[in-house]
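Note that the coordinates shown come from a computational prediction; the quantities given were computed from them, not determined experimentally.
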2 protein chains.
Amino acid sequence: MSELVTAQEGVLRELRLQIASGKLSPGQQVIQDALAASLGVSRVPLREALKVLEGEGQVIYHPHRGYFVADLSVADLVEVYRIRSILEDEALRVGVPLLTNEDIEYLEDILVDVESAAKTGNVTAVTAANRRFHFAIFEASNMPRLVRMIRNQWDATDAYRSVYFATPANLAHMNTEHRSMIAALVARDVEKSIAQQAAHRENSVTVVSQAINKS
Amino acid sequence: MSELVTAQEGVLRELRLQIASGKLSPGQQVIQDALAASLGVSRVPLREALKVLEGEGQVIYHPHRGYFVADLSVADLVEVYRIRSILEDEALRVGVPLLTNEDIEYLEDILVDVESAAKTGNVTAVTAANRRFHFAIFEASNMPRLVRMIRNQWDATDAYRSVYFATPANLAHMNTEHRSMIAALVARDVEKSIAQQAAHRENSVTVVSQAINKS
DNA sequence: AGCCCACAGATTGGATACAATCAGGGTATG
DNA sequence: CATACCCTGATTGTATCCAATCTGTGGGCT
């Protein structure tokens, strides 16, 4: 597995998990002393990790009042998905024509992972594998900054999306989506792959907006 | 003027200035002790400011080796401008139809500032006013996340662009560009404003790539 | 009762001190 | 002569401590 060379890396990863899982819930204030203690580190690396998350919009910072887990309004949600869509479109437009046959084979390997994770019902494993699949496609664009920006948009809604893969119907739907995406990629069909990715987002935004309305 | 509530805000602003002006030059390592001392603060707020800049891609971080001022390759440059263009296009597509007459008047006020700054030959004032002009347009989109992402792309090339406004011919050219942009906005002509903004970027990318090649 | 102000506790902001790690150079060894 | 190793100085990473600021509460005043 990936080695941690600094404590703050581990802190950052743990904070992302806690936000995505809802253990740190939207709107909640982050009490640095308590959180640092629970993570077994001092406040310094925690604060640096929080600054990173602030830059990604995952937490909001008020000087002298502290950090709060971001609480997306519906308007924020719409904006995030609008941005995601223009970024992802670009990544596909650039990346799909560059896909090698090896890339496609690799994508099919990932799909196997996704499906086997789906069989076990391990939600976090499905989520992770699903992410790997989509980002492997985006990375074909050879535009690391663009990919990072897309990743930020995904992260921004993670806190609301965690439940999606819990129901079997959604898992089945995801599989058919992935299969038609692969088909579009094999054909190096840019427009069709963009349309397929858009359908995937449609799906996702529905789930997330329901989660927001509930809270 | 804007009040500083925390030291680290000031540090961040100062670091941006030093990067944009080349006082911290691309590729150079940031020695935290020395820089903190020269700014009159300890390393803690400095490091948090550096984390912010890392998130924006202005500095690169290597664990246990420190922060280095980002050094853009030509490929990076191309990517930054490609991203800028899709983001700015979107901001204009959304924002231009929403412009009120008051917004346009405000933009014309800013143009007056730009031109009077140009007369005095104060390069930093011109740069700042030019920025205010373009971002006032982008902000009409009511998409704060999008605007922030555009700002990051501008910042990424600041270190290379500082010389542009120093030559009078460029200043004159900028003025005619701004005037045709205003005309497109008054007409609420989305396509024309997008084209105009693209021309502005063309201009900028030429300057920056020359600066990169020199270094 | 309603409002204002002062005080106290909680929390964050920043400085200092120390530990961990890295880069470079000199030395021993094949 | 080349190479591997260790040692040292420089630099970063983290913990701890204190100062600055905020929030809420209670008492006094009108």
>> I'd like to know if the side chain of A:Gln197 and the backbone of A:Asp89 have a donor-acceptor N/O pair within less than 3.5 Å.
In response: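 No.
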>> Given 3.5 Å as the limit, does a donor-acceptor pair link the side chain of B:Asn170 with the main chain of B:Phe165, or not?
In response: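 Absent.
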>> Counting the atoms with a prime plus P, OP1 and OP2 as sugar-phosphate, which does B:Val30 contact under 4.0 Å by heavy atoms, base, sugar-phosphate, or nothing?
In response: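 Sugar-phosphate contact only.
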>> Using a heavy-atom cut-off of 4.0 Å across all strands, would you classify A:Tyr61 as base, sugar-phosphate, or nothing?
In response: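 Sugar-phosphate, backbone atoms only, no base.
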>> B:Asp109: which residues meet the salt bridge (Lys or Arg N to Asp or Glu O under 4.0 Å) condition with it, sequence neighbours left out?
In response: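 Salt bridge (Lys or Arg N to Asp or Glu O under 4.0 Å) check on B:Asp109 returns nothing, list empty.
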> Who pairs with A:Glu14 by salt bridge (Lys or Arg N to Asp or Glu O under 4.0 Å), at least two apart in sequence or on another chain?
Replying inline: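 With neighbours one apart ignored, the set is empty.
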Can you tell me the distance, in whole Å, between the [atom1] atom of [X] and the [atom2] atom of [N]?
X: A:Phe68; N: D:dC22; atom1: CZ; atom2: C1'; result: 11 Å
X: A:His62; N: D:dT23; atom1: NE2; atom2: P; result: 10 Å
X: B:Gln32; N: D:dT14; atom1: CD; atom2: C1'; result: 12 Å

> Is the NZ or CZ atom of B:Arg151 both under 6.0 Å from the centre of the six-membered ring of B:Phe135 and within 45° of that ring's axis?
Replying inline: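 Pair B:Arg151/B:Phe135 counts as cation-pi.
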> Relative to each other, are the rings of A:His134 and A:His178 parallel, tilted or perpendicular (30° and 60° limits)?
Replying inline: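 Geometry flag for A:His178 against A:His134: perpendicular rings.
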>> Rounded to the nearest 0.5 Å, what separates atom OG1 in A:Thr157 from atom CG in A:Asn152?
In response: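 The distance works out to 11.0 Å.
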> Listed in order of residue number, which residues of residues 35-57 of chain A have a non-hydrogen atom at under 4.0 Å from DNA chain C?
Replying inline: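 Under 4.0 Å from DNA chain C: A:Arg43, A:Arg47.
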> Mind checking what makes ring pair (Phe, Tyr, Trp, His ring centres under 6.0 Å) contact with A:Tyr106, not counting sequence neighbours?
Replying inline: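 None.
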> Over its full length, what angle do the end axes of the helix from C:dA1-D:dT30 to C:dG30-D:dC1 make, each axis taken from five pairs and the result rounded to 10 degrees?
Replying inline: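 Here the helix ends are tilted 10° relative to one another.
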> When you look at B:Thr100 and B:Asp103, which way does the side-chain hydrogen bond (donor to acceptor under 3.5 Å, both in side chains) test go after all the steps?
Replying inline: CA-CA 5 Å; B:Thr100 65; B:Asp103 289 335; 3.2 Å; yes
> Think A:Gln8 has a side-chain N or O under 4.0 angstrom from the OP1 or OP2 of D:dT14?
Replying inline: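 Yes, within the criterion.
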> Taking only side-chain nitrogens and oxygens of B:Gln29, does any of them come within less than 4.0 Å of OP1 or OP2 of D:dT12?
Replying inline: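 Yes, within the criterion.
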> First contact, last contact: which nucleotides of DNA chain C are these for chain B, 5' to 3', heavy-atom distance under 4.0 Å?
Replying inline: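 The footprint of chain B covers C:dG14 to C:dA23.
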> Quick one: which of A:Arg47, A:Arg13, A:Glu48 gives a side-chain hydrogen bond (donor to acceptor under 3.5 Å, both in side chains) with A:Gln8?
Replying inline: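 For A:Gln8, the side-chain hydrogen bond (donor to acceptor under 3.5 Å, both in side chains) test succeeds with only one of A:Arg47, A:Arg13, A:Glu48, which is A:Glu48.
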>> What I want to find out is whether A:Glu56 reaches A:Arg16 closely enough, with some N-O distance under 4.0 Å, to be called a salt bridge.
In response: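 Yes, A:Glu56 and A:Arg16 are salt-bridged.
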